[in-house]
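Residue numbers begin at 1 in each chain, while the letters A, B, ... track the order of the sequences.
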Number of protein chains: 2
Amino acid sequence: MSSTVDAVAERANVSVSTVSRALRDMPGVSQETRKRVHRIAQELGYVPSLAGSRLATGRTGAIAIVTPNLSKWFFGQVLASAGRVLRLAGFDVLLYELADTAARERFFAGSSLAGRADGVLVFALQPTPEELATLESQNLPLAFLGSGTPGRSGVRVDDHAAGRAAARHLINLGHERIAFIGIREAADSTLGGVPPANRLKGYREALAEAGLEPGQELEVHEENSMAGGSRAMSRLLCAEVAPTAVFVASDEMAFGVLRTLKAGGIDVPGDMSVIGFDNHELSEILDLTTMDHSVALQGSETARRLLALITPDAGAEPDLVLSAQLIVRGTTAPPFPLRGRRTVTPPA
Amino acid sequence: MSSTVDAVAERANVSVSTVSRALRDMPGVSQETRKRVHRIAQELGYVPSLAGSRLATGRTGAIAIVTPNLSKWFFGQVLASAGRVLRLAGFDVLLYELADTAARERFFAGSSLAGRADGVLVFALQPTPEELATLESQNLPLAFLGSGTPGRSGVRVDDHAAGRAAARHLINLGHERIAFIGIREAADSTLGGVPPANRLKGYREALAEAGLEPGQELEVHEENSMAGGSRAMSRLLCAEVAPTAVFVASDEMAFGVLRTLKAGGIDVPGDMSVIGFDNHELSEILDLTTMDHSVALQGSETARRLLALITPDAGAEPDLVLSAQLIVRGTTAPPFPLRGRRTVTPPA
DNA sequence: AAGATTAACGCAAGCGCTTGCGAACCGGAT
DNA sequence: ATCCGGTTCGCAAGCGCTTGCGTTAATCTT
């Protein structure tokens, strides 16, 4: 087992207090003894016990990250980028994946974070008022990613504008019947995080301004997964008048959409344009037009904001609202002119 | 701030020791007082300070997971599944993503894990002897996933058999020129974890048994990513005699392979069969034939093994060697009979 | 009925570190 | 010589919990 302060103190002929101060570069230690203490600590392979200093200072040196289902690409990415920032700043990262409702309840009911972390990063899950209260009661610094919690420090993307932009792209191409596939709050509430409702609003707004009123029939919501996207597209395919384009709220769902279309022999983008959202790592290979929203940046910036809240010197940074960027690839094109009159897919 | 043991003790008219014992269901407390203490603790919203008990017991209640680059799908999956098991068992999970060499060095050089965790889960990164020594010196229970560290508790997949199986599949289809695209240790050593060298061996063995000796030209190694796969395939395409099938050591690389083939107008599986490895979440949509190796199971079982090492009662479970399963999809087929004589891609 | 168990509980000594405060010591100002 | 501000350092009191051991009281032995 590693040695303790006392060992170092004795070997260095100073008191433990001096060792403590020397090692943490606090004032009140002469240059000379500081060097000596450092050297001896090194020799002895001394590494301060976290538990000890935690107890004494109340600081834990750790940040908790609470996130929805990690197997979603988005959360993996964000976790990775946030984690790097935190670790670079010298913090440990404590991971709380709220993979299902049970886990979520356990987390919020359970064993208070105070004493485990110095701050909390909350990813894209809209805490209920009670949950928020629980979080606050620990009074730890909080930073939110993606959730619309007003007045809280964090980062989010301008979903409204992004929704508009995606819709505009399709409108500009000449589409008139543009469907929307949104993310439905999963039965298991934490699965996909909080659905980005504003994407829908932006979409509606753009369509309305263009004089297009698709109506309810062309708005479907499904679970955020390939399977969900697949189902959603199937539903859209039996609409009274099928759309010629569809804006899908996540790339993973868009993958499902593409699968369904392929299975149905519907050519993309010949018969149907598809635009996704995320710029998923693999959307490139599927040649999916999508909205990029700098996922990694979201993670790192949220982390940075939390750190600013924690370290006394750094001034609190203002909230960040990122705007998404259209990435044009091969799944969007002008509508096939005969669309709506045909019942059979033409050769590609 | 939450109350302390003393508060509870006072309100319950017992000593702190009794409170401590009662709350942890240790013997030596009457049923009656136990109830009372529990109730009062509840009322006071008392939650024991982790720091306190850590210092007193030396146990931390946390498990460290050290993993290569989390943005790789595989590690995200494994982390998620392992994390769930650990959290269910009441442990916190401490995440150490060794995203690059610098992080790796910092981790192994740095601040000893002892005092932070009760055990360590090491994902697919082959520690160097020195690193291993560092790890061991903390003498914490260790469990390994995927790395070939002999004699250590853990789980891995039988890469050798899997490599054979994949190759056999192609051989059985009638292919004779079968290439291999392997994972090259990334320049940044931790990026992709330890390359599964045995997949190559299994492949070679199967080919040799079938009397096929592809030779060095058909074995290429690249970084484990879509881009890497893409490059590897390009290299293969300028071989003296191009292969008719290729076994790719990861699905992500296989995606890159497919992209290159598509770009090159080479039909899959008409002109080229492709088999991947992982059964990546998205391989289904690309209709990629692949080897499934129950990724989630790997994570959860490794976690379970670590727990068995930690909790005194549970007997240590033996190592687990999982076998991969072929998933036949649409990217593998018998070779085109004219292959090698044609220079132009025939219509699909 | 007296001694031996056993159950229930309190005492107090840690666990390893931090930090406010006072002691000692130094050189320079009075 | 005396006083004073500064610097360097040690003392000791925690931080909140656990646990070995001792004490008491109740229950069992023959």
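- The nearest whole Å value for the distance from the CG atom in A:Leu50 to the P atom in D:dC15 is 20 Å.
- One can place CG of A:Leu23 at 10 Å from P of C:dC17, the figure rounded to the nearest angstrom.
- For the OP1/OP2 pair of C:dG10 and a distance below 4.0 Å, the side-chain nitrogens and oxygens of B:Thr18 include at least one atom meeting the criterion.
- Residue A:Ala56 has its side chain nearest to D:dG14 when only D:dG14, D:dT18, C:dT19 are considered.
- Distances shown here put a side-chain N or O of B:Ser15 below 4.0 Å from the OP1 or OP2 atom of C:dG10.
- Relative to the side chain of A:Thr57, the nucleotides C:dT18, D:dG16, D:dC9 differ in distance, and C:dT18 lies closest.
- If you take CE of B:Met26 and C1' of D:dG20, they are 11 Å apart, rounded to a whole angstrom.
- Residues B:Pro127 and B:Phe144 form a side-chain contact, since some pair of their non-hydrogen atoms from C-beta on lies under 4.5 Å apart.
- To the nearest angstrom, C1' of C:dC11 lies 14 Å from CG of B:Asp6.
- Atom CZ in A:Arg36 sits roughly 13 Å away from atom P in D:dT8 (whole-Å rounding).
- Within the structure, every side-chain polar atom (N or O) of A:Thr4 is placed at least 4.0 Å from both OP1 and OP2 of C:dC15.
- In this structure, B:Arg24 reaches the D:dT18 phosphate: one of its side-chain N or O atoms is under 4.0 Å from OP1 or OP2.
- Considering only side-chain N and O atoms, B:Arg59 lies under 4.0 angstrom from the phosphate OP1 or OP2 of D:dT19.
- The CG atom of B:Leu44 sits 11.0 Å away from the CZ atom of B:Arg39 when rounded to the nearest 0.5 Å.
- Look at B:Ser17 and you won't find any side-chain N or O under 4.0 angstrom from OP1 or OP2 of C:dC11.
- Applying the 4.0 Å criterion to OP1 and OP2 of C:dC9, one finds that B:Ser30 has a side-chain N or O inside that range.
- Per the geometry, CG belonging to B:Leu55 stands 12 Å off P belonging to D:dG16, to the nearest Å.
- Two rings, from B:Phe74 and B:His293, have their centers less than 6.0 Å apart.
- Contact annotation: A:Arg21 side-chain N/O to C:dG20 OP1/OP2 distance is not under 4.0 Å.
- Ion pairing between A:Arg34 and A:Asp25 holds under the 4.0 Å rule for side-chain N and carboxylate O.
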Chi angles and distances behind the side chain to side chain contact (heavy atoms under 4.5 Å, CB included) call for B:Leu95, B:Thr67: CA-CA 8 Å; B:Leu95 180 62; B:Thr67 170; 4.0 Å; yes
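- The distance between atom CG of B:Asp25 and atom P of D:dT18, rounded to the nearest whole Å, is 12 Å.
- If you measure from atom CD of B:Gln31 to atom P of C:dA8, you get 9 Å, rounded to the nearest angstrom.
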